[in-house]
There are 2 protein chains.
Amino acid sequence: MTKSDKPVTKERLLDAAHHLMLAKGFTATTVEQICTSAEVTKGCFFHYFKGKEDLARATLERVFEYKSRTLAEAPYRSLPDPLDRVYGYVDLVIEMSQSNIAQQGCLLGNFAMELSDTHEDMRVTCANFFMKWTESFQADLDQAKAQEAPEANFDTLSLAEHFIAVLEGAFILAKSRRDMKVVKESLLHFKGYLRSLFGK
Amino acid sequence: MTKSDKPVTKERLLDAAHHLMLAKGFTATTVEQICTSAEVTKGCFFHYFKGKEDLARATLERVFEYKSRTLAEAPYRSLPDPLDRVYGYVDLVIEMSQSNIAQQGCLLGNFAMELSDTHEDMRVTCANFFMKWTESFQADLDQAKAQEAPEANFDTLSLAEHFIAVLEGAFILAKSRRDMKVVKESLLHFKGYLRSLFGK
DNA sequence: TATATCATACCAACCAGTCGGTATATAATA
DNA sequence: TATTATATACCGACTGGTTGGTATGATATA
């Protein structure tokens, strides 16, 4: 209670910010809404964060680290065949998109779209996160390609970017439809594309 | 000047709203910014539109109609082979994405992401526009499939949705990177996927 | 004159952020 | 042990500025 209560408050603020900003975006989300949702007052909020943008960045970082850890620790990671890891990764993302964890979309995509033209530093932050994400997937794609299709002339970097585009775009459609089915279907199309590239 | 200036005022407001909301989103764009950009005053603004949301909807409708017309009147439409029309369509979207017309992204995707959870009617509007868009592409896909791969078991509807997802998601990446190259590359990947489905 | 177009002044609500203060806990000191 | 000091956690009233929208009036056109 004494020592384990302290971080909880900050976590509550981060959680509230995540949910609200995922739903309504950065601008439309009020500091007071976040405070109400986290059951703290504004004085408390500004004790932990310099301001709204500071909180947004902290939230984005936390989400990204959480997802990175989840993916890195997933069972599919220990598959010996690199191509299995590629498919395993896509399957895991499909699974995660259908669970209620990412039921609302992707905060990274949200911020990239909303803030890129107004918050230059946020734009750079988003671009960097996208780059890290891309590179981690590309690493597996490279290994799979070296083993399965070394002669093929597709670019693994742009293929990894394509995957992220598919996912982020599908989230948009899913949001307007209130149904995550599109995400799954679109990622399955991407998987089909991978099969055509790797000769299954 | 006299007669050609009148409709221009409303168009200027629509144009200003399009540019600003594409860059900053609906919420972060103020009506005063729109008025300043369109070089009119607020009194004038509220003469033409009931409010900010009314303007947003009008802008979205105008953009959609404009793009529909552009695509419907494009030369590729008269190609006799349905599969050529499919590829022609993708090529045209690639071309448009690289030109300075859609250099900022897609207002439909923007609104869908930002307003789906707060403006129910806007969510429905966006979902309907997405549906119209999907169906128009699906029509060509159906014809191409009937001719080239009638036995194949892919779903043309979900394939058309996949295309839109690719495009919208690539716009997000492009925005954070300030470079539309990703859009072209991702759409080329989609084209490769189509080739694998139709056996070229 | 009547109507459409546009301008100016204004308002109530809302917003991010500030500020002075309280409560609690640990630690240093006497 | 009692007391003082210091730091962290939290509260809620307040502020300066912004926002969407209104009220009213001027001008132009038909």
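Please read all numbers here as calculations on a predicted model, not as lab measurements. In what follows, chains are A, B, ... by sequence order, proteins preceding strands, each numbered from 1.
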Answer yes or no for A/K52 and A/F46: cation-pi contact, defined as NZ/CZ to six-membered ring centre under 6.0 Å and angle to ring axis within 45°. no
About how many Å separate CE of B/M113 and OG of A/S176, when rounded to the nearest 0.5 Å? 11.5 Å
Nearest to side-chain heavy atoms of B/F46, which nucleotide of C/dC6, C/dC15, D/dT22: D/dT22
If I take atom CD1 in residue B/I34 and atom P in nucleotide D/dT18, what distance separates them, rounded to the nearest angstrom? 17 Å
Rounded interatomic separation in angstrom, taking NE2 from A/H47 and P from C/dA23: 17 Å
Nearest-0.5 Å distance, CZ of residue B/R177 to CZ of residue A/F130: 8.5 Å
Once you round it to whole Å, what is the distance between P of D/dG20 and CG of B/D54? 14 Å
Whole-Å distance, B/E53 CD to D/dT19 C1', equals 16 Å
Can you measure B/F45 atom CZ to D/dT22 atom C1' for me and round it to whole angstrom units? 13 Å
Using heavy-atom distances to pick each residue's nearest nucleotide on DNA chain C, tell me which of B/E32 and A/K52 is more 5'. B/E32
Looking only at atom types and distance, does a side-chain atom of A/S78 sit under 3.5 Å from a main-chain N or O of A/P75, one as donor and one as acceptor? yes
Residue pairs passing the salt bridge (charged side-chain N to carboxylate O under 4.0 Å, His left out) test with at least one member in residues 134-154 of chain B, sequence neighbours excluded, are B/R77-B/D140, B/R85-B/D140
Protein-nucleotides 7-9 of chain C N/O pairs under 3.5 Å:
unit_1 : atom_1 : unit_2 : atom_2 : d
C/dA7  : OP2    : B/T41  : N      : 3.1
C/dA7  : OP2    : B/T41  : OG1    : 2.9

Within the pair A/Y48 and D/dC10, is there a side-chain N or O less than 4.0 Å away from OP1 or OP2? yes
Ring geometry between A/F163 and A/F190 (parallel below 30°, tilted from 30 to 60°, perpendicular above 60°): tilted
Under 4.0 Å between a side-chain N/O of B/T9 and OP1 or OP2 of C/dC6, yes or no? yes
Touch check for B/T29, heavy atoms < 4.0 angstrom, all strands: base, sugar-phosphate only, or nothing? sugar-phosphate
With sequence neighbours left out, which residue pairs that include part of residues 22-51 of chain A fulfil the salt bridge (charged side-chain N to carboxylate O under 4.0 Å, His left out) condition? A/E32-A/K42
Interatomic distance where CG belongs to A/L20 and C1' belongs to C/dC15 [whole Å]: 15 Å
